[in-house]
*Asks:* 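What follows is a single structure, and I will ask about it in a moment.
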Amino acid sequence: MHRATGAARAPCLSSPEGFQGALIFCDSASIRVGEPTSNLKLRAGQLSAKQREKGVRMPIVLRRYVNQRFLWRLVSLCLVFGAWELAGRKPISIAFPTFSSTMLALADLIKEGTLSSAYAVTLQPLAIGVLIIGILGVVCGIAMGLSRTFEWFTLPVFIIVQSAPMAALIPLITFLYGIGLAAKVLAVVLMAAPVIVLNSYKGIRNVNPSLIQMSRSFLGNRQQEIAKIIIPDASGLIFAGLRLGVASGFIGVVLAELLITPTGIGDLITYYRAIAEYPSMFASITSIIVFATVTVSLLQWLENILFRPERRGS
Amino acid sequence: MGGISRRASELAKEENNNMQNSPIIEVRGISKTYEGGCEALRNLNMAFPRGELTTLLGPSGCGKTTLLKIIAGLLELTRGEVLIEGKKVDGPGPERAFVFQDFALMPWATVLRNVAFGLELRQVPKKERLEIARKYIDEVGLSGFETSYPHELSGGMRQRVGLARALAVDAEILLMDEPFASVDEQTRRKFQEDLLGLLETEKKTVVFVTHSIEEAIYLSDQVALMTPRPGSIMKIVNTKTERGRNPEEVRRDKKYLDCVEDLWQILKQYLV
């Protein structure tokens with residue numbers, strides 16, 4: 001019985017995961033792409049003789065660029081929601097509500113307070129799990145990057161864990177840790193660990209070697225080299241790993257709530273599916289997608305404010 | 001080999017009649033083979049006279065940068081020894097400062113902190129080191145940019161930061177690894193002129209790596225020509241031009257142009 005419902009849930013389950021996947025992809029792409037464009041801008045700056053004058057004019061151009069990007073995003077969202085509305089009206093399936101009815105259901109859920117109490121439950125394992133793996137994972141990744149022995153010892157495990165479908169381990173977690181909070185925290189940790197650890201590790205390994213030579217040539221000792229050069233230079237990739245880790249943590253917590261015991265947002269999805277109230281079910285799914293996106297974007301913003309003084313101005 | 005070192009010491013005697021004529025840097029029988037069997041240097045001997053600018057010039061891949069990094073103590077050598085002030089060294093030291101080809105600036109730090117970084121590593125108190133850094137930022141012509149970040153500067157300006165950082169630690173020896181390689185031609189010319197002006201007041205011993213013949217002759221007191229890999233010193237050419245002359249005059253000078261041509265004829269034979 002339990003297993004049968006699990007299988008039936010699979011289609012609706014794949015939708016938040018698929019969306020998360022797309023989000024992760026965009027996110028890492030923007031990191032890669034960000035670098036060359038800033039370089040290009042610099043090249044252009046180098047060529048112009050009156051660089052300072054250009055510096056004054058730049059913001060206006062930039063603002064227009066940002067506005068245009070915002071416009072295109074809006075258009076893209078409208079297209080997606082429009083297609084959703086049409087598909088719901090056609091309808092492609094009786095279980096597929098329109099965009100407008102989903103939004104109305106979402107408003108109701110918020111008004112009744114159902115959503116906030118569900119999130120209060122869901123966020124608990126998520127926050128605990130992310131906190132644990134955020135600290136442990138970064139420390140472990142840094143240690144792997146700094147010590148060949150530790151790398152040799154742990155890297156294969158994380159490469160396996162990264163490529164293995166961790167969702168398949170969730171039944172095993174239930175077997176070992178029962179259906180309580182611990183099992184859900186562990187699901188979050190397992191989902192988020194590989195990306196956090198491997199990103200921190202790669203960050204340390206990809207530190208600009210000439211900065212390290214610079215530190216050595218100016219008589220920096222190993223501690224100074226790690227604290228003043230290696231960790232700051234790796235921090236971009238470490239933070240990217242943390243952001244992706246939080247995104248994976250969301251996958252973990254939703255999986256746990258759907259597969260272990262229905263609580264929080266997983267309970268809402270399961271419940272509304274069971275009573276065939278599809279707009280409310282989709283509203284719950286939409287809410288977790290929006291929540292995850294906003295959280296991850298906020299983390300990026302926070303990183304820029306707190307740790308990237310060189311990016312704040314530009 | 002013996003002839004070259006004898007010649008170098010003769011040169012040193014000639015030019016530094018009044019100064020101590022012991023070379024400040026001496027490399028003896030240096031060989032360097034990289035992991036994987038690539039032999040970069042073979043039994044290289046050379047003396048660098050105090051207070052002069054010596055350029056290492058040679059075909060690409062001849063180990064110029066390897067030699068410079070060995071002198072800096074950044075690379076281990078396979079055989080031989082490096083003597084600074086007659087003492088054997090096997091690592092970086094406070095009397096040597098390095099200027100990097102790719103600038104090696106910390107992108108997250110301001111110009112001021114970058115310039116003061118050598119002193120920060122030496123744990124000089126903050127107020128003192130920032131004061132010293134400001135002085136050298138001014139000296140390399142970057143005042144007003146103290147709070148800028150490296151990505152806001154042009155290539156030439158970034159290398160000025162690299163130079164200021166090397167000057168700020170007050171080392172006697174400046175090791176410059178193709179410092180103008182990633183700087184455009186016009187900026188490079190201006191920078192070369194400024195560098196000569198700076199060295200006039202700072203009185204440093206400079207070892208300079210370049211692949212530009214013009215740059216080598218324009219800047220240096222002597223040019224050490226290197227053979228292709230495995231590199232060793234082929235010839236040392238005295239290129240001392242009278243300092244303090246108008247820079248444009250030097251570039252038009254017959255002797256300067258002849259020297260460029262001579263070195264080109266020597267180097268040409270190594271090119272396919």
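All values below come from the heavy atoms of this structure, side chains included, with hydrogens, waters and symmetry mates left out. Every chain is numbered from 1 and lettered A, B, ... according to where its sequence line falls, protein lines coming before strand lines.
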*Asks:* So for Leu119(B), is it side chain, backbone, both, or neither that comes closer than 4.5 Å to the heavy atoms of chain A?
*Replies:* neither
*Asks:* Using non-hydrogen atoms only, which part of Arg96(B) is less than 4.5 Å away from chain A: side chain, backbone, both, or neither?
*Replies:* backbone
*Asks:* Name all residues meeting the side chain to side chain contact (heavy atoms under 4.5 Å, CB included) criterion together with Glu172(B); count only those two or more places apart in sequence or in a different chain, and write none if there are none.
*Replies:* Ile24(B), Arg50(B), Glu85(B)
*Asks:* Please say whether more than 12 non-hydrogen atoms of neighbouring residues, nucleotides or ligands are located less than 6.0 Å from CD in Glu185(B).
*Replies:* yes
*Asks:* Could you give the distance from OG (Ser210(A)) to CG (Asp177(B)), rounded to the nearest 0.5 Å?
*Replies:* 10.0 Å
*Asks:* Who wins among Thr187(B), Leu175(B), Asp102(B) for the most heavy-atom pairs under 4.5 Å with chain A?
*Replies:* Asp102(B)
*Asks:* Rounded to the nearest 0.5 Å, what separation is found between the CZ atom of Phe117(B) and the CE atom of Met214(A)?
*Replies:* 5.0 Å
*Asks:* Using non-hydrogen atoms and a 4.5 Å limit, figure out which bit of Glu120(B) sits close to chain A: side chain, backbone, both or neither.
*Replies:* both
*Asks:* Measuring from Arg216(A):CZ to Leu121(B):CG, what's the distance to the nearest 0.5 Å?
*Replies:* 12.5 Å
*Asks:* Are more than 12 heavy atoms, taken from residues, nucleotides or ligands other than Arg229(B), located less than 6.0 Å from that residue's CZ atom?
*Replies:* no
*Asks:* For residues Leu105(B) and Leu211(A), report the shortest heavy-atom separation together with the two atoms involved.
*Replies:* O-CD2, 3.6 Å
*Asks:* For Ser235(A), is it the side chain, the backbone, both or neither that has a heavy atom under 4.5 Å from a heavy atom of chain B?
*Replies:* neither
*Asks:* Taking side chain as everything from C-beta outward and backbone as N, CA, C, O, which of these in Ile212(A) sits under 4.5 Å from a heavy atom of chain B? Side chain, backbone, both or neither.
*Replies:* neither
*Asks:* Just checking Phe153(A): does its CZ atom have more than 12 heavy atoms from other residues, nucleotides or ligands closer to it than 6.0 angstrom?
*Replies:* no
*Asks:* Residue by residue, which of residues 218-226 of chain A have a heavy atom closer than 4.5 Å to a heavy atom belonging to chain B?
*Replies:* Phe218(A), Leu219(A), Gly220(A), Gln224(A)
*Asks:* Just give me the residue among Phe103(B), Phe98(B), Phe100(B) that pairs up with chain A most often, heavy atom to heavy atom, under 4.5 Å.
*Replies:* Phe100(B)
*Asks:* Please output the residues of residues 106-115 of chain B in contact with chain A, using a heavy-atom cutoff of under 4.5 Å, in numerical order.
*Replies:* Met106(B), Pro107(B), Trp108(B), Arg113(B)
*Asks:* List the residues meeting salt bridge (Lys or Arg N to Asp or Glu O under 4.0 Å) with Arg79(B), not counting sequence neighbours, and say none if there are none.
*Replies:* none
*Asks:* Can you establish whether the number of heavy atoms outside Glu131(B) located under 6.0 Å from its atom CD is more than 12?
*Replies:* no
